[in-house]
Amino acid sequence: MAASGVAAPTRTEVLQLYRSLLRVARQFCDYNIREYSKRRTIDAFRDNKNLTDPSQLSAAFSDGKAQLEVAKRQALVYSLYAPKVKSIMDIKPS
């Protein structure tokens, strides 16, 4: 435990959060939203990779967990109102 009384998340917990956010991003039906979620996750983790202060790490981790919950809810809502026609980006060439 750190001197400030805030336990920093472990590497395993951080990687689990990262994978979970990317998994949720794959659930979006819309190509643009799916890619935006993926890009935002990658960029946020890249921006925070050099954090060393346990309180900042905990704050970033808590924010990431909150974003995961929001993304899960949004993926559910978007799946309820999914477009009937696939995006041109989702169509695989044969």
Side-chain angles (χ1 to χ4, degrees):
M1 188 157 229
S4 64
V6 178
T10 64
R11 176 179 169 81
T12 305
E13 291 173 325
V14 171
L15 289 174
Q16 187 177 27
L17 176 62
Y18 180 72
R19 288 186 195 112
S20 295
L21 282 163
L22 290 177
R23 270 190 218 105
V24 170
R26 284 195 310 241
Q27 294 176 359
F28 284 101
C29 302
D30 186 285
Y31 171 81
N32 291 320
I33 297 168
R34 187 171 51 242
E35 291 301 311
Y36 171 77
S37 298
K38 189 167 64 171
R39 186 176 62 246
R40 182 172 169 169
T41 299
I42 293 168
D43 289 346
F45 275 81
R46 191 174 291 144
D47 290 344
N48 291 325
K49 77 177 183 179
N50 294 323
L51 291 180
T52 55
D53 182 36
S55 62
Q56 288 179 336
L57 280 168
S58 293
F61 186 73
S62 296
D63 184 47
K65 286 175 75 173
Q67 292 298 322
L68 176 62
E69 294 305 314
V70 169
K72 284 179 180 179
R73 285 194 307 268
Q74 286 301 105
L76 177 65
V77 170
Y78 274 91
S79 70
L80 294 173
Y81 301 102
K84 304 286 187 244
V85 179
K86 282 191 169 189
S87 167
I88 190 71
M89 299 302 288
D90 290 329
I91 299 173
K92 306 257 191 257
S94 50

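One-based numbering along the sequence shown. Keep in mind that this is a model prediction, so the values were computed, not measured.
In the hydrophobic clustering of this structure, Ile42 does not group with Tyr31; members are Ile, Leu, Val, Met, Phe, Trp, Tyr whose side-chain heavy atoms approach within less than 4.5 Å, directly or through other members. Hydrophobic clustering, with ILVMFWY side chains joined whenever heavy atoms are under 4.5 angstrom apart, groups Val24 together with Leu22.
The local environment of CZ in Phe45 is crowded, with over 12 non-hydrogen atoms from other residues, nucleotides or ligands closer than 6.0 Å.
One distance of note links OG of Ser20 with CD of Gln67; it measures 14.0 Å at 0.5 Å rounding. Here the OG1 atom belonging to Thr52 is positioned 7.0 Å from the CG atom belonging to Leu57, to the nearest 0.5 angstrom. Interatomic distance, OH of Tyr78 versus CG of Asp30, reported as 7.5 Å (0.5 Å rounding). With rounding to the nearest 0.5 Å, the separation of CZ in Arg73 from CD in Glu69 is 7.0 Å. Rounded to the nearest 0.5 Å, atoms CG (Leu68) and CD (Gln16) are 10.0 Å apart. Between the CZ atom of Phe28 and the CD atom of Glu35 there is a distance of 12.0 Å, given to the nearest 0.5 Å.
Under the 4.0 Å criterion applied to side-chain N and carboxylate O atoms, Asp43 and Arg40 are not assigned as salt-bridge partners.
Closest of all the heavy-atom pairs between Leu51 and Ala60 is CD1-CB, 3.9 Å. The two residues Ala8 and Ser58 make their nearest non-hydrogen contact at CA-OG, 3.8 Å. Smallest separation of non-hydrogen atoms from Ala25 and Lys38: CB-N, 3.9 Å.
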